[in-house]
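Everything below concerns the one structure shown next.
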Amino acid sequence: MLNQKATIMLNFDYRNPTHVVFGKDRIAELDQLVPENARVLITYGGGSVQRFGTLDKVKAALGNRTVFEFGGIEANPKYDTLIKAVEVARKENIDFLLAVGGGSVMDGTKFIALATQFDGDTASLLHHGFTPVPVANDKVIPLGVIATLPATGSEMNAFAVVSYQGGKFPVNHPCAYPTFAMLDPELTFSLPKIQVANGVVDAFVHVLEQYATYPVDARVQDRMAEGIMRTLIEIGPITVEEPTNYDARANLMWSATSALNGMIGTGVPLDWSTHMIGHELTALFHIDHAQTLAVVLPSLWRVLKEQKHAKLVQYAARVWDITEGDEASRVDQAIDKTEAFFKQVGLPVRLRDHGVTQEQLGLVVDALEAHGMTALSESGKVDLATSRKILDMAW
Ligand code: NZQ
Ligand code: ZN
């Protein structure tokens, strides 16, 4: 967390080892991507991959390899479920994990990869926040993913989010990058509309949490971020309404991956406050991840618009073409446009629309405090009182 304003691009290292396999009808190529003698554990969620035939195709492509299955990884994957998969992986000497599903399955599989050969208390892996977990590189089981929901970017990053004892905990390790990510837009045609809308908004907010801070003259990162956002604005409503429109879905898929594969976040200040507050809302009220973001982000900006002024003026001009009027009114218009975009794709933008009462907002603040989320944002100035203000405004 940065407390001091830098005005130049920050130093950075960037390495992303994931081999992206993008496009139609490529499942047969698993035969070249998964090691020939691997003992594979295929992981999946509540059954969509069975219902839509993907699992059968995956098993066929794996040929004579020794294959085990672990289904039932739920949305916002639970530690208790993942630990059952860890037991299977230990018992069967699994040496390759293949996740087939959305962010929850991909994240859950990363946790399985990290926990299986871990000697200590596996629950302790949840308490390292944004610091990599203390696991030796050769103790992480390699994993590949077949993404069926474009949203989280998990397919090309080293992060996972795991639910445990009423909280959601980020976990990461450089060896948790998938070795390959198969991205076939057609595998997403079966998604319910609301999950597509969730994906559009999650990707959009990922871009913004790496963009709407303060300027450091990072022109490439800014323009890539603006390009992804303009793409999402163009194709978001189309891809929600037209599930089999390949072009729109392909652009959603690559936008979502590009939003959180680390590239646009290099050398710039980051602000994951919307996500941190959102995670508490999911844990407490079971609101879908992206829907928490749609509620929190506009309110957070309304509270922090001075801190973020310069970038919000740039966002208004370059993403929404708002260049008339004084700067403060341009920022207000850009915030309103953002909120309207979330509504347009189909997500509620107020907490009360999710059945949360005003009395319950205190629970969110308590949870933030319990999880140490007391100095959020790029400034570190979002304390519990400011979070409360954001929640009040989001209600
Ligand atoms: O479980 P199944 O039956 O597969 O159904 C899923 C699930 O009900 C369904 N689905 C997925 N692909 C489908 C499909 N239904 C029909 N056709 C398909 N092709 O969609 C539902 C939601 O799936 P889920 O994986 O939970 O959604 P999403 O991809 O939005 O992932 C959300 C999780 O990712 C975490 C979130 O916190 C949350 O736990 N995040 C992970 C991040 C990361 N690793 O970098 C960053 C994100 O900010 C996020 O925090
Ligand atoms: Zn997210």
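Whatever order the structure lists them in is the order used to number ligands and atoms, beginning at 1.
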*Kindly indicate, with the supporting measurements, whether the criterion side-chain contact (heavy atoms from CB on, under 4.5 Å) is fulfilled by Q314 and D222.*
CA-CA 10 Å; Q314 180 179 320; D222 277 4; 3.0 Å; yes
Relative to the heavy atoms of [X], which atoms of ligand 1 are at a distance of less than 4.0 Å?
| X | result |
| --- | --- |
| N157 | 43 (C), 44 (N), 45 (O) |
| S154 | 44 (N) |
| H279 | 37 (O), 50 (O) |
| G103 | 25 (O), 28 (P), 29 (O), 31 (O), 34 (O) |
| G45 | 1 (O) |
| L260 | 45 (O), 46 (C) |
| H275 | 48 (O) |

To the nearest 0.1 Å, how far is [atom] from its closest protein heavy atom, and which atom is that?
| atom | result |
| --- | --- |
| atom 39 (O) of ligand 1 | N76 OD1, 3.1 Å |
| atom 41 (C) of ligand 1 | D107 OD2, 3.0 Å |
| atom 36 (C) of ligand 1 | K168 NZ, 3.6 Å |
| atom 15 (N) of ligand 1 | S48 CB, 3.6 Å |
| atom 8 (O) of ligand 1 | Q195 NE2, 4.8 Å |
| atom 12 (N) of ligand 1 | T148 OG1, 2.8 Å |
| atom 20 (O) of ligand 1 | L149 CD1, 3.6 Å |
| atom 13 (C) of ligand 1 | L191 CD2, 3.2 Å |

_Stepwise side-chain contact (heavy atoms from CB on, under 4.5 Å) check, L363 with L361_ = CA-CA 5 Å; L363 297 175; L361 298 183; over 6 Å; no
Closest N/O/S atom of [X] to the Zn ion (ligand 2), by atom name?
| X | value |
| --- | --- |
| H289 | NE2 |
| H275 | NE2 |
| D202 | OD1 |

*Pick from G108, S104, G153, P170: the one approaching atom 24 (P) of ligand 1 most closely through a non-hydrogen atom*: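 Minimum heavy-atom distance to atom 24 (P) of ligand 1 goes to S104.
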*Relative to atom 17 (N) of ligand 1, which among S190, A256, A283, S163 owns the nearest non-hydrogen atom?*
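Among S190, A256, A283, S163, the closest heavy atom to atom 17 (N) of ligand 1 comes from S190.
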Side chain, backbone, both or neither: [X] near ligand 1, heavy atoms under 4.0 Å:
| X | result |
| --- | --- |
| M106 | neither |
| P77 | side chain |
| T152 | both |
| E74 | neither |
| D288 | neither |

N/O to N/O below 3.5 Å, does that happen between [X] and ligand 1?
| X | answer |
| --- | --- |
| A75 | no |
| T188 | no |
| H206 | yes |
| G46 | yes |
| F159 | yes |

_One pair to check against side-chain contact (heavy atoms from CB on, under 4.5 Å): Q307 and S377. What are the steps and the verdict?_
CA-CA 10 Å; Q307 174 181 315; S377 102; 3.0 Å; yes
Decide if atom [atom1] of [X] counts as having more than 12 heavy atoms of other residues, nucleotides or ligands within a radius under 6.0 Å.
| X | atom1 | answer |
| --- | --- | --- |
| D121 | CG | yes |
| D321 | CG | yes |
| Q32 | CD | yes |
| D138 | CG | yes |

Hey, is [X] one of the residues with a heavy atom under 4.0 angstrom from ligand 1?
| X | result |
| --- | --- |
| L187 | yes |
| N198 | no |
| G47 | yes |

*Please confirm whether K311 makes a cation-pi placement over Y214, using NZ or CZ under 6.0 Å from the six-membered ring centre and within 45° of the ring normal.*
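The answer is no; the distance or angle limit is not met.
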*T338 vs W301, side-chain contact (heavy atoms from CB on, under 4.5 Å): CA-CA, chis, key distance, verdict*: CA-CA 11 Å; T338 308; W301 280 356; 3.7 Å; yes
*Would a 4.0 Å cut-off, counted as strictly less than, catch a protein heavy atom around atom 49 (C) of ligand 1?*
yes
*Check the hydrophobic clustering (I, L, V, M, F, W, Y; side-chain heavy atoms under 4.5 Å; chains of links allowed) and say if V88 and V162 are grouped together.*
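Yes, because V88 and V162 connect within a single hydrophobic cluster, where side-chain heavy atoms sit under 4.5 Å apart.
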